[in-house]
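Position 1 is the first residue of the sequence, and the numbers go up from there. Any value given below was found using the heavy atoms of this structure, including those in side chains, with hydrogens, waters and symmetry copies removed.
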Amino acid sequence: MTQPRTKRVCSHCDGFPVVHITTGAITPAGTRRTLPATCPRCQGTGLHPASLALAARAGR
């Protein structure tokens, strides 16, 4: 019996597509300001771009 295909994790970000980087500035409440940064290869999905294309063609 065949096994279903699993989606591959992006090799560029290792499945962590969005990270927050501190700017060094501190808000009046005392917390640090952060900026989100998305993975340029997977566009923030965390999956390998080729597996996304296969899933789109398969209609999933």
Side-chain angles (χ1 to χ4, degrees):
M1 177 158 242
T2 61
Q3 297 294 321
R5 289 186 183 202
T6 58
K7 295 179 183 172
R8 290 181 33 196
V9 175
C10 176
S11 61
H12 196 264
C13 65
D14 290 328
F16 296 97
V18 180
V19 295
H20 287 268
I21 301 169
T22 60
T23 61
I26 298 176
T27 66
T31 60
R32 294 190 183 267
R33 292 184 190 256
T34 60
L35 296 173
T38 58
C39 176
R41 179 173 281 170
C42 67
Q43 303 299 319
T45 61
L47 301 175
H48 193 270
S51 67
L52 290 175
L54 289 174
R57 279 198 312 240
R60 294 183 183 180

Is there a side-chain contact between [X] and [Y], using heavy atoms and a 4.5 Å cut-off?
X	Y	answer
Gln43	Pro17	no
Arg33	Ile26	no
Arg41	Cys13	no
Thr34	Ile21	no

Looking at [X] and [Y], what are the two nearest heavy atoms and their distance?
X	Y	result
Val9	Asp14	CG1-C, 3.4 Å
Cys42	Leu47	CB-O, 3.2 Å
Arg32	Gly24	NH1-O, 4.1 Å

